[in-house]
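Everything on this sheet refers to the single structure shown next.
Residue numbering restarts at 1 for every chain, and letters A, B, ... go by the order of the sequence lines.
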2 protein chains.
Amino acid sequence: MPDTALQDYLKAVYKLQETAGSEPGPAGEPVSTSALSERLGVSQASVTGMLKKLARKDFVSHEPYRGVRLTEAGRRVAVATIRRHRIVEQFLVEALGFTWDEVDEEAEILEHAVSEKVVNRMWEVLGRPRSDPHGSPIPSSEGVIEPESDARPLTETPVETPVRVTRIRNRSPDELRYLGGLGLELGAELVLEEKAPFDGPLLIRVGGRRHALDPRFAHAVLVE
Amino acid sequence: MPDTALQDYLKAVYKLQETAGSEPGPAGEPVSTSALSERLGVSQASVTGMLKKLARKDFVSHEPYRGVRLTEAGRRVAVATIRRHRIVEQFLVEALGFTWDEVDEEAEILEHAVSEKVVNRMWEVLGRPRSDPHGSPIPSSEGVIEPESDARPLTETPVETPVRVTRIRNRSPDELRYLGGLGLELGAELVLEEKAPFDGPLLIRVGGRRHALDPRFAHAVLVE
DNA sequence: CGGGATATTTAGCCTTGCCTAACTTTTTCT
DNA sequence: AGAAAAAGTTAGGCAAGGCTAAATATCCCG
Ligand SMILES: [Mn+2]
Ligand SMILES: [Mn+2]
Ligand SMILES: [Mn+2]
Ligand SMILES: [Mn+2]
């Protein structure tokens with residue numbers, strides 16, 4: 001498919017708007033060229049070029065020098081791509097026996113190759129799951145994403161209160177295996193014992209063991 | 001993937017060499033620019049351009065004005081692609097409930113997106129099948145294709161001798177459904193009652209019913 | 001407020017595949 | 001054989017997506 005790049009750009013805009021704490025779409029925070037450049041591993045000049053193409057096709061609105069926002073059409077493409085990605089990941093784990101740390105790379109490619117028909121069949125075969133192997137919600141085929149109840153990053157959790165892991169944001173396979181090794185898996189119970197100041201490491205207790213956790217990782221662990 | 005085109009070209013050369021009744025590879029019959037042009041739905045000029053690229057990369061040997069043959073490297077790429085294609089087709093039918101007439105289109109895309117790891121897992125989950133939903137053999141991961149016993153096109157079958165369908169060559173979904181409607185499915189028993197001269201239609205009896213079959217289709221039905 | 005630093009865009013190029021039109025080689029047919 | 005037809009190649013372009021270097025906006029700070 002030649003729209004691989006297009007889908008990846010729109011997905012990146014979506015996630016960056018979301019990360020900025022806003023609803024991805026026409027009303028959300030604009031996303032900068034440099035943020036996209038870094039996220040996609042592509043030069044800023046290339047991003048500018050592609051943004052102009054996306055704007056011409058009405059998938060984003062682009063105000064030169066001040067970033068882009070997804071249009072409604074762009075949001076739909078992004079969400080559909082995220083849906084395919086997450087269903088493929090879940091399928092690889094549940095139906096083909098992959099481990100959760102190795103599926104993202106495969107899904108990053110398959111998300112552009114798998115038809116709606118195929119992805120819908122996968123979803124049915126899996127028993128219509130609501131989330132992927134990392135706890136991220138699977139958008140409906142109509143593009144609706146169930147709001148994530150009251151999941152917060154581990155870094156914003158009160159001390160000495162038991163919480164449960166509901167989602168682990170995208171990390172490299174090595175990092176995911178590290179977290180898994182600590183016992184930080186979906187559904188795991190843990191307690192934040194101490195939080196060093198100045199955005200320092202956290203001291204957590206999980207499965208009877210105590211570990212220091214770098215805030216970089218703690219940000220990626222969502223709990224409730 | 002940017003090698004989608006490359007893989008499709010090599011696959012096409014492979015199948016055309018095979019169709020010409022020769023072993024695909026350095027020793028087989030050369031394949032003409034126009035045959036590739038027609039099969040791939042691309043202009044002859046485009047084929048020439050791509051053949052030069054493939055020759056430069058040593059996937060084919062190209063003697064200008066007289067066609068190409070696969071090199072050993074080219075044969076390996078072609079066979080690996082065919083393996084992915086056929087495993088994906090079998091998986092779509094057996095694991096996801098697709099019908100045999102709708103899988104080729106999906107597989108034509110997925111064959112370029114699915115990694116060796118994924119395709120090998122599919123093959124395992126399927127119980128290591130030896131052939132795809134159309135009866136075509138699945139090459140081993142080492143690139144070996146089990147020779148097809150003594151399968152012959154229906155057109156070359158003796159009259160009044162019961163035979164069994166072992167393979168149905170690639171046809172459009174509509175045509176495949178038509179054949180299925182006649183009872184011509186994998187494993188079906190049938191008798192050729194009469195064969196009109198001048199490459200005319202065949203009269204066949206299958207499942208108690210008699211049908212006239214155009215030789216175009218009869219060529220695509222292999223029996224033993 | 002005026003730079004300088006930083007972010008963004010423009011300009012110019014490249015590769016991949018594909019196209020049409022024109023030219024050349026090979027085949028075929030009288 | 002010789003010419004017309006068919007097959008194949010070359011020439012010149014286009015769109016997608018990249019890149020680097022240079023130009024220009026915007027931002028931030030003294
Ligand atoms: Mn992922
Ligand atoms: Mn992707
Ligand atoms: Mn097929
Ligand atoms: Mn293909």
Side-chain angles (χ1 to χ4, degrees), chain A residues 1-14 16-17 19-20 29-70 73-74 77-78 81 108-109 111-113, chain B residues 1-14 16-17 19-20 29-70 73-74 77-78 81 108-109 111-113:
Chain A
M1 280 281 172
D3 31 35
T4 295
L6 182 142
Q7 292 171 1
D8 281 336
Y9 270 87
L10 293 176
K11 218 176 56 168
V13 175
Y14 183 100
L16 289 167
Q17 284 196 295
T19 300
E29 287 299 304
V31 169
S32 71
T33 301
S34 47
L36 285 164
S37 165
E38 181 168 352
R39 178 161 190 126
L40 294 168
V42 130
S43 76
Q44 295 198 23
S46 299
V47 172
T48 300
M50 182 60 98
L51 291 183
K52 289 169 91 169
K53 220 168 299 180
L54 292 178
R56 190 159 39 71
K57 295 183 178 171
D58 262 313
F59 288 128
V60 300
S61 56
H62 185 198
E63 208 180 329
Y65 290 100
R66 27 210 51 201
V68 287
R69 294 166 154 78
L70 290 176
V77 172
T81 305
E108 200 53 58
I109 292 170
E111 66 187 355
H112 311 293
Chain B
M1 279 278 177
D3 31 34
T4 295
L6 182 143
Q7 292 171 1
D8 281 336
Y9 271 86
L10 293 177
K11 218 175 56 168
V13 175
Y14 183 100
L16 289 167
Q17 284 196 292
T19 300
E29 287 299 305
V31 169
S32 71
T33 300
S34 47
L36 285 164
S37 165
E38 183 169 350
R39 177 159 191 128
L40 295 168
V42 130
S43 75
Q44 293 196 176
S46 299
V47 172
T48 298
M50 181 61 95
L51 291 184
K52 290 170 91 169
K53 219 168 300 179
L54 293 178
R56 189 159 39 72
K57 295 183 177 171
D58 263 312
F59 288 127
V60 299
S61 57
H62 185 199
E63 207 179 332
Y65 290 101
R66 29 210 55 210
V68 288
R69 292 166 156 75
L70 289 177
V77 172
T81 306
E108 201 52 58
I109 292 169
E111 65 187 356
H112 312 293

Q) So do B:His112 and B:Asp8 actually touch side chain to side chain, heavy atoms under 4.5 Å? A) yes
Q. Are any non-hydrogen side-chain atoms of A:Tyr14 and A:Val31 less than 4.5 angstrom apart?
A. no
Q. To the nearest angstrom, how far is A:Lys57 atom NZ from D:dG17 atom C1'?
A. 11 Å
Q.
Rounding to an integer number of Å, can you tell me how far B:Leu10 CG sits from C:dG17 C1'?
A. 15 Å
Could you give the side-chain donor-acceptor pairs of residues 57-69 of chain A under 3.5 Å, partners two or more places apart or in another chain?
from, atom 1, to, atom 2, distance (Å)
A:Arg69, NE, A:Pro26, O, 3.2
A:Arg69, NE, A:Gly28, O, 3.0
A:Arg69, NH2, A:Gly28, O, 3.4

Q) Does the side chain of B:Lys11 reach to within under 4.5 Å of the side chain of B:Arg39, using non-hydrogen atoms? A) no
Q. Heavy-atom distance under 4.5 Å between the side chains of B:Val77 and B:Gln7, does that happen here?
A. yes
Q. C:dG17 P sits how many Å from B:Asp8 CG, rounded?
A. 11 Å
(Q) With rounding to the nearest 0.5 angstrom, report the CG to CG distance, A:Leu16 to A:Leu40. (A) 8.0 Å
Q. Is the closest side-chain heavy-atom distance between A:Leu36 and A:Leu51 below 4.5 Å?
A. yes
Q | Atom-pair distance (OH on B:Tyr9; C1' on C:dG17), nearest Å | A | 7 Å
Q. Does B:Glu29 offer a backbone N or O that forms a donor-acceptor pair with the side chain of B:Gln17 under 3.5 Å?
A. yes
Q) Can you tell me how far C1' of D:dG17 sits from CZ of A:Arg56, to the nearest Å? A) 13 Å
Q. B:Asp3 has an atom CG; how far is it from atom P of C:dT16, in whole Å?
A. 11 Å
**Q.** End axis versus end axis in the helix from C:dC1-D:dG30 to C:dT30-D:dA1, the angle rounded to 10°, five pairs used at each terminus
**A.** 10°
Q: Let me know the distance between CZ of B:Phe59 and P of C:dT16, rounded to the nearest Å.
A: 13 Å
Q.
Does C:dC18 have its OP1 or OP2 closer than 4.0 Å to a side-chain nitrogen or oxygen of B:Ser43?
A. no
Q. Minimum heavy-atom separation for A:Leu70 to A:Ala78, with atom names?
A. CD1-CB, 4.4 Å
Q: Round to a whole Å and report the spacing from CE of A:Met50 to P of D:dA16.
A: 9 Å
Q.
Counting primed atoms plus P, OP1 and OP2 as sugar-phosphate and everything else as base, spell out the protein contacts along nucleotides 3-12 of chain C at 4.0 Å heavy-atom distance: B, S or - for each nucleotide, 5' to 3'.
A. -----BBB--
